[in-house]
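Ligands are counted one by one from 1 in listed order, and the atoms in each one are counted from 1 as well. Reckoned from all heavy atoms, side chains included, excluding hydrogens, waters and symmetry mates. Just so you know, residue 1 is the first one in the sequence shown, and it goes up from there.
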Amino acid sequence: MADQKTKALYAGTFDPITNGHVNIIERSAQVFGAVIVAVTDNPTKDGPLFALDERLALVRDAVGSIQGVEVVSFKGLTVEFARTVGANVIVRGLRAVSDFEDEFAMALANRDMAPEIDTVFLMTAQEFFYISSSRVKEIAGLGGDVGSFVPPAVAEALYGKRTGGRPK
Ligand code: COA
């Protein structure tokens with residue numbers, strides 16, 4: 001039964017959204033009364049493959065119909081946006097130990113800036129352990145099939161970005 005008092009914010013670059021992200025969002029929606037999925041307009045990683053409006057549309061297509069989930073974009077600090085939308089929890093997905101250090105530092109920095117907002121980590125489902133946005137972009141770009149890693153619309157969008165089109 002979802003906790004109706006807690007509004008969660010799941011922010012990311014989503015360049016593009018993968019099945020790993022979708023799994024975290026589906027599970028967040030089971031735990032929290034409301035989940036705001038926020039696509040950042042100021043990615044720290046340079047040169048996203050997909051423009052903000054494309055990333056937003058792909059995230060909406062993948063998770064916009066899940067009950068309790070709202071998809072938006074934002075600029076600026078995640079904690080400031082969390083305050084703006086009244087979110088009291090930031091959700092992050094953890095895959096491997098290698099994610100931990102960065103995620104821990106980010107959670108501490110966020111807590112320093114906004115002590116009233118806590119970060120909650122969900123462990124990624126094991127079938128998505130090795131998926132990352134960079135990996136699917138690399139595989140799709142080299143002609144591989146990414147159908148089992150990303151939602152169907154994302155796979156089509158990735159094939160559309162490469163010269164060879166869909167996999168044979
Ligand atoms: N399954 C599969 N992959 C996952 C995953 C999961 N459950 N969770 C994360 N990933 C992967 C993504 O595919 C992505 O892979 P990549 O590195 O190959 O691109 C990577 O982990 C993280 O991407 P994403 O989830 O889209 O988030 P992000 O790390 O790009 O987002 C922000 C970081 C936006 C939350 C952070 O930079 C931020 O808060 N920015 C706003 C500015 C700010 O407040 N800065 C101060 C922060 S202290």
Close-contact set for ligand 1 against [X] heavy atoms, below 4.0 Å:
{"X": "Gly12", "answer": "26 (O), 27 (O), 31 (O), 34 (C)"}
{"X": "Gly76", "answer": "41 (C), 42 (C)"}
{"X": "Phe14", "answer": "26 (O)"}
{"X": "Ser133", "answer": "12 (C), 13 (O), 14 (C), 15 (O), 18 (O), 19 (O)"}
{"X": "Ile131", "answer": "2 (C), 3 (N)"}
{"X": "Ala109", "answer": "48 (S)"}
{"X": "Met106", "answer": "36 (C), 47 (C), 48 (S)"}

Nearest-0.5 Å distance, OG of residue Ser133 to CD of residue Glu138: 13.0 Å
Pair Arg92 + Asp99, salt bridge at N-O below 4.0 Å: no
Electrostatic pair Glu116-Arg111, nearest N-O below 4.0 angstrom: no
Can you tell me which portion of [X] lies within the under-4.0 Å heavy-atom range of ligand 1? Options are side chain, backbone, both, or neither.
{"X": "Thr124", "answer": "side chain"}
{"X": "Arg135", "answer": "neither"}
{"X": "Ile24", "answer": "side chain"}
{"X": "Thr18", "answer": "side chain"}

Selected option - heavy-atom contact closest to atom 8 (N) of ligand 1, from Tyr10, Phe149, Phe128: Tyr10
Shortest non-hydrogen contact between [X] and [Y], atoms and distance:
{"X": "Ile131", "Y": "Arg95", "value": "O-NH1, 3.1 Å"}
{"X": "Val136", "Y": "Val146", "value": "O-CG1, 3.6 Å"}
{"X": "Lys161", "Y": "Leu49", "value": "NZ-O, 3.6 Å"}
{"X": "Asp145", "Y": "Gly147", "value": "OD1-N, 2.8 Å"}

Polar proximity ligand 1 side, [X] side, N/O cut 3.5 Å exclusive:
{"X": "Arg95", "result": "yes"}
{"X": "Phe74", "result": "no"}
{"X": "Asn110", "result": "no"}
{"X": "Thr13", "result": "yes"}

Anything under 3.5 Å between a donor and an acceptor, one on a side chain of residues 59-73, the other on a protein residue two or more places apart or in another chain? List them.
{"from": "Arg60", "atom 1": "NE", "to": "Val71", "atom 2": "O", "distance (Å)": "3.4"}
{"from": "Arg60", "atom 1": "NH2", "to": "Val71", "atom 2": "O", "distance (Å)": "2.8"}

Derivation of the side-chain contact (heavy atoms from CB on, under 4.5 Å) call for Val150 and Ile17: CA-CA 7 Å; Val150 294; Ile17 188 167; over 6 Å; no
From CA spacing to verdict: side-chain contact (heavy atoms from CB on, under 4.5 Å), Arg135, Phe149: CA-CA 10 Å; Arg135 201 155 286 148; Phe149 305 142; over 6 Å; no
